[in-house]
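Working notes, beginning with the structure itself.
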Protein chains: 2
Amino acid sequence: MERKTRQRAAIRAAFEAARRPLSPAEVLEIAQRDLDRLGIATVYRNLKAMVEDGSLAKVELPGEPDRYELAGLAHHHHFRCRSCERVFDVTGCVEGLRNLVPRRFRLEGHELTLVGQCGDCVRAA
Amino acid sequence: MERKTRQRAAIRAAFEAARRPLSPAEVLEIAQRDLDRLGIATVYRNLKAMVEDGSLAKVELPGEPDRYELAGLAHHHHFRCRSCERVFDVTGCVEGLRNLVPRRFRLEGHELTLVGQCGDCVRAA
DNA sequence: ATAGATGCAAAGAGTTTGCATAGGT
DNA sequence: ACCTATGCAAACTCTTTGCATCTAT
């Protein structure tokens, strides 16, 4: 992906406007508001290329389709609200990870998802 | 699923032999060693029924297809090998979870997935 | 004998790929 | 003008569903 295309600009703009992790379908929907001829294959190709060139990060949540967010954030995890299904970034990390790893296994990374209710939904309940 | 069929017995036996979370395709492969006429649709139907009756638990990992394991295990997490794609249970948990939660959010649960290489793949490398 | 479970194939949903062509350089 | 990136449609993968048949009770 060497050229600056309007498709790619619309995809990047979608993330800047949303400020939260987006699925490919959400990216298509948002970017099509500006570029109605945009095809889903182009979205997939650009998401893949943007992850490879480091401008996007893939957000994988248990039991959910992959989402993507703008890269450059510090190490963080995610909190998924069971009520509104929104996903939030949480900063910081936990301790004791290495103690969990079986002998001879090599730990290279980890993913943590917190689940519960976000502030808005706690207040509404 | 009220009847005792040989298909269902073979599926249950696959989990008892594997002792780790299995994907539908893995279940099919293992159970077909005993029952070669077993179809993938039957595997899916039985997995779904066994989750509903409480004999299996669904294991959802970030970016991975759903896997299943025998129910009734104590609180635990999972380790996914990047080389062979197998998933293993790890016992124990981490500390500091509550510190990550934003103010006013309510933490109800969490899912942790470790990623790396399993003992077999470390040795093979 | 009855009705639930199975096997196969087709249908869906989500993602990737082939190919002719628009469009960025 | 060149050649990359796009749009469309077909191909793929994973999962579910329809239906005739098998089989546990």
Side-chain angles (χ1 to χ4, degrees), chain A residues 1-15 18 21-69 85 87, chain B residues 1-15 18 21-69 78 80 82 84-87 113:
Chain A
M1 295 298 187
E2 309 158 4
R3 296 178 177 177
K4 297 169 190 168
T5 64
R6 58 194 84 235
Q7 288 83 352
R8 193 170 196 183
I11 289 170
R12 184 178 310 265
F15 284 103
L22 299 177
S23 66
E26 287 174 319
V27 172
L28 179 67
E29 185 194 322
I30 295 172
Q32 272 185 339
R33 293 172 195 162
D34 291 320
L35 240 177
D36 61 326
R37 298 246 312 159
L38 179 64
I40 187 67
T42 297
V43 171
Y44 277 104
R45 279 187 284 235
N46 274 283
L47 292 178
K48 188 176 180 183
M50 291 165 84
V51 168
E52 282 169 4
D53 76 20
S55 55
L56 282 186
K58 189 184 283 193
V59 176
E60 299 178 331
L61 300 180
E64 304 252 325
D66 287 347
R67 294 164 192 231
Y68 298 82
E69 67 184 357
E85 285 300 312
V87 172
Chain B
M1 296 297 187
E2 308 158 3
R3 296 177 178 177
K4 297 170 191 168
T5 65
R6 60 193 82 235
Q7 287 84 353
R8 194 172 195 179
I11 289 169
R12 184 178 311 265
F15 283 103
L22 299 177
S23 66
E26 286 175 320
V27 172
L28 180 69
E29 185 193 322
I30 296 172
Q32 271 185 340
R33 292 173 196 162
D34 290 321
L35 241 175
D36 62 323
R37 297 248 310 158
L38 179 63
I40 187 66
T42 297
V43 171
Y44 277 103
R45 280 186 285 237
N46 273 284
L47 292 177
K48 189 176 179 183
M50 290 165 85
V51 167
E52 281 169 5
D53 75 20
S55 55
L56 283 186
K58 187 185 286 194
V59 177
E60 297 179 332
L61 301 181
E64 295 274 309
D66 288 347
R67 289 176 165 82
Y68 298 83
E69 67 185 357
H78 296 97
R80 176 168 60 83
R82 278 182 173 147
C84 66
E85 287 301 312
R86 287 186 299 175
V87 172
T113 307

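Numbers restart at 1 for each chain; the letters A, B, ... are given by sequence-line order, proteins then strands.
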Taking it one step at a time, do B:Leu61 and B:His78 satisfy side-chain contact (heavy atoms from CB on, under 4.5 Å)?
-> CA-CA 8 Å; B:Leu61 301 181; B:His78 296 97; 3.9 Å; yes
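- The salt bridge (charged side-chain N to carboxylate O under 4.0 Å, His left out) contacts involving residues 36-47 of chain B comprise nothing, where partners must be two or more places apart or lie in separate chains.
- Across all strands, B:Ile40 comes closer than 4.0 Å to no nucleic acid atom at all (heavy-atom distances).
- Counting heavy atoms from C-beta on, the side chains of A:Pro62 and B:Thr113 never come closer than 4.5 Å.
- The salt bridge (Lys or Arg N to Asp or Glu O under 4.0 Å) search around B:Glu26 returns B:Arg20, not counting sequence neighbours.
- Checked against side-chain hydrogen bond (donor to acceptor under 3.5 Å, both in side chains), B:Arg82 has the following partners two or more places apart in sequence or in another chain: A:Glu108.
- What separates CZ of A:Arg12 from P of D:dA5 is a distance of 14 Å, to the nearest Å.
- Within a heavy-atom distance below 4.0 Å of DNA chain C, no residue of residues 26-35 of chain B is found.
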Could you pull out all donor-acceptor pairs under 3.5 Å where a side-chain atom in residues 4-14 of chain A meets a protein atom, sequence neighbours excluded?
from	atom 1	to	atom 2	distance (Å)
A:Thr5	OG1	A:Arg8	N	3.1
A:Arg8	NH1	A:Met1	O	3.1
A:Arg8	NH2	A:Asp53	OD2	2.7

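- Note: CE (B:Met1) to C1' (D:dA24) measures 14 Å, nearest angstrom.
- The interatomic distance linking B:Met50 (CE) with C:dA5 (P) rounds to 13 Å, in whole Å.
- Between B:Leu22 and B:Phe15 the shortest side-chain heavy-atom distance falls below 4.5 Å.
- The distance between atom CD of A:Glu64 and atom C1' of C:dA13, rounded to the nearest whole Å, is 16 Å.
- Rounding to whole angstrom units, CG of residue A:Leu47 and C1' of D:dT6 are separated by 15 Å.
- Rounded to whole Å, atom C1' of D:dT6 lies 14 Å from atom CG of A:Asp36.
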Walk me through it: do B:Val59 and B:Tyr68 pass the test side-chain contact (heavy atoms from CB on, under 4.5 Å)?
-> CA-CA 5 Å; B:Val59 177; B:Tyr68 298 83; over 6 Å; no
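- Using modelled atom types, one side-chain atom of B:Gln32 and one backbone atom of B:Leu38 make a donor-acceptor pair closer than 3.5 Å.
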Mark up nucleotides 17-25 of chain C, 5' to 3', with B wherever a protein heavy atom is under 4.0 angstrom from a base atom, S wherever such an atom reaches only the sugar-phosphate, and - elsewhere.
-> BB----BBS
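- For the pair A:Thr42 and B:Pro24, both in contact range of DNA chain D, the more 5′-proximal nearest nucleotide belongs to A:Thr42.
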